[in-house]
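What follows is a set of notes on a single structure, which appears directly below.
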Amino acid sequence: MSAKVVVSKRRNVNRQAIFLITLWPFPEDFFLSDPELKSKVPLEYLSHKEKYEEAVRKACLLFRKVIQLQNEGKGGMDNFREVLGGQLGSAILPDGNPITLHYVMFIPTLMGQGTIEQQAEWIQKAWNCDIIGTYAQTELGHGTFIRGLETVAKYDPKTEEFVLHSPTLTAYKWWPGGLGHSANYAVVVAQLYTQGKCHGIHPFVVQLRDEETHEPLPGIKIGEIGCKLGMNSTNNGYLGFDNVRIPRNYMLMKNSQVLPDGTYVKSPSSKLTYGTMIFVRVVLVQDAATYLKKASIIATRYSAIRHQSQIKPDQPEPQILDYVTQQYKLFPNIASCFAFQYAATWLWDTYNNITEELETGQLDNLPELHATACVLKAVSTADAAQGVEMLRLACGGHGYMTASNLPSTYGLVTAMCTYEGENTVLLLQTARFLVKMWQNKTNVYKLPTMKYLATALNRATPFEKSVEWVIAALQKTAAGKIDLANRHLNERVAKGQSYEDAWNNTSIELVSAAEVHGRTIIVEQFYNTVQGYKSRVSKELGTVLEQLLQLYAVNAALRCTGDFLRFTEVLGKDITVLQTWLEELLSQIRPNAVGLVDSFDMRDEILSSALGCYDGNVYERLFNEAQKSPLNAEPVNKSYNLYLKPFIKAQL
Ligand SMILES: CCC/C=C/C(=O)SCCNC(=O)CCNC(=O)[C@H](O)C(C)(C)COP(=O)([O-])OP(=O)([O-])OC[C@H]1O[C@@H](n2cnc3c(N)ncnc32)[C@H](O)[C@@H]1OP(=O)([O-])[O-]
Ligand SMILES: Cc1cc2nc3c(=O)[nH]c(=O)nc-3n(C[C@H](O)[C@H](O)[C@H](O)COP(=O)(O)OP(=O)(O)OC[C@H]3O[C@@H](n4cnc5c(N)ncnc54)[C@H](O)[C@@H]3O)c2cc1C
């Protein structure tokens, strides 16, 4: 089917209206039309070193343009968010941005953990890019268990300095983005010692390289960690300290302090040190939505172009979009894009409200925010990674091509399941808070995301074909799983296990309970958002949104079939109704499928995909991309005469 026919097949779905979020007029053209931001040679044909050098060139130009816009009064943080995010950012730097951490973690940590005086000292330098920073927390030996980090910062009252040292190889910082060759400063998380006592992990600003020559400073052992599954121009690095001295006021002292004589002043809460990690987890929910949208556009448009096999012997080959199995691969992922977008928007607003409270010393809502950020980051990134892989597979062989941009998108999204808190570990963090609330429900009604725990277990949820029922069933299932896990915890303790051993032995159930809890939040936010929009959009648009909500909800329910049968009144025949409901929704969504992914409004340059272009000229683009392979520059490669010919002759 030619592109033109596909284009006209697009239902009259208002591209942006369906997405219903106010997109500020971000000047994509200002970036995408700049020839200097395009690579002359496809990145996949560059060496590891060339990839990095090309990425630094583009990253510097990218941020120079953002700063230019800012100086012209055309936007501020929003522009940084756009160029760092999974949409424009990963289009211009598909293999990762070596300066991302400067903006995503270095500056936010200075703002969140620095005193006013320290912010005055460092923030402007950082915004001006007089210095380039990263966030160095993870070590070769520790990423999750940050209380086990080995880098030490010992205070010397005689010189009023901290001495940073890596006592072991496993103490070397390992992974921080941009650390290898890009950053000249870092926030380093180290165990603070003063007056002979260890006070746990604290953040320190450390200069790594000379600001003029970029040479590593004395005592600094630094480099990059080598090739990875993806993100190979992010310049993840390693860093070892050999007794490196920094001034006392290079310790970020907003929350806790060390006085000139070495006296340690405790933070109002040790949890405030973790603040940066909440911020990034909140942002990652949006990135999960963005990457999943990108893959959904590519796979859905390709499925409208690709004709294959026959449904009926006397019919021409149909669009693969007409196979119900293909719709089952695509449409729940399209619905997830909306679900994660609305959850990300809600979480971002919640984060900002609670961060303002923290500024006034009010910590009450921090534990729920932490638990919610953990579970939404874990569920959205895991589902997005699984979804992008499913969408890649839905494109058959061409989905395996680099030119499809699906492998690279997978490399970016799957990394999110690990960084900023490995997903299992984060689900256990959420479970920890859920069990705590379950064991003492006194205040659970005050917690917007957990108040259902007060009543859900004993609430009757007779089956009905509705989103409201799905939400109630998910809540009852989550409550049932938490209750059962808690009972198993208690039984294990009663049999003589320590609480820690009982927790470890119950952790599979705890992770599963946290995951269901996360899905109740996502479905509920989707439901609330659609209810809020329905009175403000056209009937047609409201119908489509309702279909997407129902599809997301029924798919979430079908993922929990076993647990629903254990914890709710649902029966086998009701599961059949859910399955039929899902199939009905696939059929209802089919006419709008291409229009729906068009509503994500990502230009071809953002998609960077031979399969996902708006005009649908897939085969020409695949063939043209193949011509860019350096191997096609000559008809006979030198390896023929060097190796193949002698080998063939030898066999004759
Ligand atoms: C572009 C991005 C590139 C990537 C960058 C990176 O990856 S950077 C590197 C990213 N690396 C990571 O993300 C590392 C992941 N690992 C971790 O975050 C921590 O080691 C841990 C949370 C797993 C355990 O923490 P722990 O050993 O301290 O043990 P614990 O469980 O006993 O918790 C003690 C108490 O603190 C509470 N609390 C904990 N965290 C937070 C928080 N963020 N906020 C608020 N509160 C928090 C917790 O609820 C508990 O409260 P309770 O119940 O006592 O009232
Ligand atoms: C692309 C990328 C970029 C990164 N960028 C940065 C950066 O800029 N700065 C930085 O500081 N770090 C960075 N990291 C490191 C990242 O934060 C860590 O990899 C992450 O925190 C996981 O820690 P780990 O690698 O030590 O894995 P581990 O914690 O060793 O996890 C390995 C396994 O052990 C399990 N496990 C660990 N603890 C527990 C537990 N308590 N209970 C149950 N299971 C457990 C995990 O579930 C997992 O299955 C980056 C990582 C990646 C992949």
Side-chain angles (χ1 to χ4, degrees), residues 84-86 89-90 95-106 108-109 112 133-149 151 170 173-180 182-183 186-189 200-201 203 225 228-239 269-284 287 351 354-355 358 363 365-374 377-378 381 411-437 439 500 503-504 506-508 510-511:
L84 287 163
S90 63
D95 229 2
N97 181 330
I99 308 182
T100 292
L101 267 290
H102 177 67
Y103 292 101
V104 174
M105 296 198 79
F106 182 69
T109 306
T134 183
Y135 182 82
Q137 174 176 292
T138 303
E139 295 172 355
L140 198 53
H142 289 90
T144 289
F145 187 55
I146 52 183
R147 281 186 291 138
L149 293 174
T151 302
T170 50
K173 293 303 176 184
W174 188 276
W175 274 113
L179 179 62
S182 317
V187 166
V188 175
V189 179
I201 57 169
I225 64 174
K228 305 177 290 282
L229 180 151
M231 301 177 74
N232 278 298
S233 52
T234 313
N235 196 228
N236 301 93
Y238 66 78
L239 166 65
S269 162
S270 60
K271 303 170 188 176
L272 291 170
T273 310
Y274 296 137
T276 310
M277 290 184 282
I278 292 190
F279 166 70
V280 180
R281 289 167 191 159
V282 168
V283 169
L284 291 182
D287 283 355
Y351 168 79
I354 294 173
T355 303
L358 295 179
L363 303 178
N365 294 315
L366 179 60
E368 185 189 18
L369 173 64
H370 166 51
T372 306
C374 284
K377 181 270 187 187
T381 56
L412 290 164
V413 72
T414 195
M416 298 200 294
C417 297
T418 302
Y419 65 61
E420 217 41 67
E422 195 278 329
N423 280 355
T424 303
V425 164
L426 296 187
L427 287 170
L428 285 167
Q429 280 293 300
T430 302
R432 176 189 175 116
F433 191 59
L434 285 166
V435 166
K436 191 180 282 188
M437 289 304 103
Q439 289 171 347
E500 290 75 12
W503 179 269
N504 188 29
T506 313
S507 53
I508 294 172
L510 290 162
V511 164

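Numbering starts at 1 and runs along the sequence shown. Atoms within a ligand are numbered from 1 in the order they appear, just like the ligands themselves.
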From Thr138 OG1 over to Leu149 CG, what is the distance, rounded to the nearest 0.5 angstrom? 7.5 Å

Ligand 2: protein N/O within less than 3.5 Å of ligand N/O:
unit_1   : atom_1 : unit_2 : atom_2 : d
ligand 2 : 8 (O)  : Gly177 : N      : 3.1
ligand 2 : 9 (N)  : Tyr135 : O      : 3.0
ligand 2 : 11 (O) : Gln137 : N      : 3.1
ligand 2 : 11 (O) : Thr138 : N      : 2.8
ligand 2 : 11 (O) : Thr138 : OG1    : 3.1
ligand 2 : 12 (N) : Thr138 : OG1    : 2.7
ligand 2 : 17 (O) : Thr138 : OG1    : 3.4
ligand 2 : 23 (O) : Thr144 : N      : 3.4
ligand 2 : 26 (O) : Gly143 : N      : 3.0
ligand 2 : 29 (O) : Thr144 : OG1    : 2.5
ligand 2 : 47 (O) : Glu422 : OE1    : 2.6

Just which atoms of ligand 1 are under 4.0 Å from any heavy atom in Gln137? 9 (C), 10 (C), 11 (N), 12 (C), 14 (C)

Mind checking whether Leu101 and Phe106 have side chains closer than 4.5 Å, heavy atoms only? no

How many angstroms lie between CG in Leu428 and CG in Asn423, if you round to the nearest 0.5 Å? 11.0 Å

Applying side chain to side chain donor-acceptor pair (under 3.5 Å), can you list everything that pairs with Asn232, at least two apart in sequence or on another chain? none

Just to be sure I read this right, does ligand 1 sit under 4.0 Å from the backbone of His370, its side chain, both, or neither, counting only heavy atoms? side chain

Ligand-side contact atoms (ligand 1) for residue partner Lys436, heavy atom cut-off under 4.0 Å: 52 (P), 53 (O), 55 (O)

Any Met105 side-chain heavy atom under 4.5 Å of Thr100 side chain: no

Rounding to 0.5 Å, atoms OG1 (Thr234) and CD1 (Ile99) come to a distance of 11.5 Å

What I want to know is whether Thr138 and ligand 1 share at least one N or O pair that is separated by under 3.5 angstrom. no

Can you list the residues that meet the side chain to side chain donor-acceptor pair (under 3.5 Å) rule with Thr170, with sequence neighbours excluded? Glu150, Thr168

Report yes if some heavy atom in the side chain of Leu363 is under 4.5 Å from a heavy atom in the side chain of Leu358; otherwise report no. yes

Those atoms of ligand 1 less than 4.0 Å from some heavy atom in Gly143: 14 (C)

Closest by any non-hydrogen atom to atom 18 (O) of ligand 1: pick that one out of Glu422, Arg281, Arg432. Arg281

Sorted by chain and residue number, the side-chain contact (heavy atoms from CB on, under 4.5 Å) partners of Ala431 (sequence neighbours excluded) come out as Trp503, Leu510, Ala514

In ligand 1, which numbered atoms sit nearer than 4.0 Å to a non-hydrogen atom of Thr144? 14 (C), 15 (C), 16 (N), 17 (C), 19 (C), 20 (O)

For Met105, the ligand 1 atoms whose distance to one of its heavy atoms is below 4.0 Å: 5 (C), 8 (S)

Any donor and acceptor pair, going by atom type alone, linking the side chain of Lys173 with main-chain N or O of Gly237 inside 3.5 Å? no

Locate the shortest heavy-atom distance separating Thr430 from Ala371; write the atom from each residue and the value. OG1-O, 2.8 Å

Just heavy atoms, cut-off under 4.0 Å: does Val425 contact ligand 1 by side chain, backbone, both, or neither? side chain

Can an N or O of Thr100 be found at a distance shorter than 3.5 Å from an N or O of ligand 1? no

Would a 4.5 Å heavy-atom cut-off, applied to side chains only, mark His142 and Arg147 as touching? no

For Tyr419, is at least one N or O under 3.5 Å away from an N or O on ligand 1? no

Below 3.5 Å, N or O to N or O, backbone or side chain included: is there any such pair between Ile278 and ligand 1? no

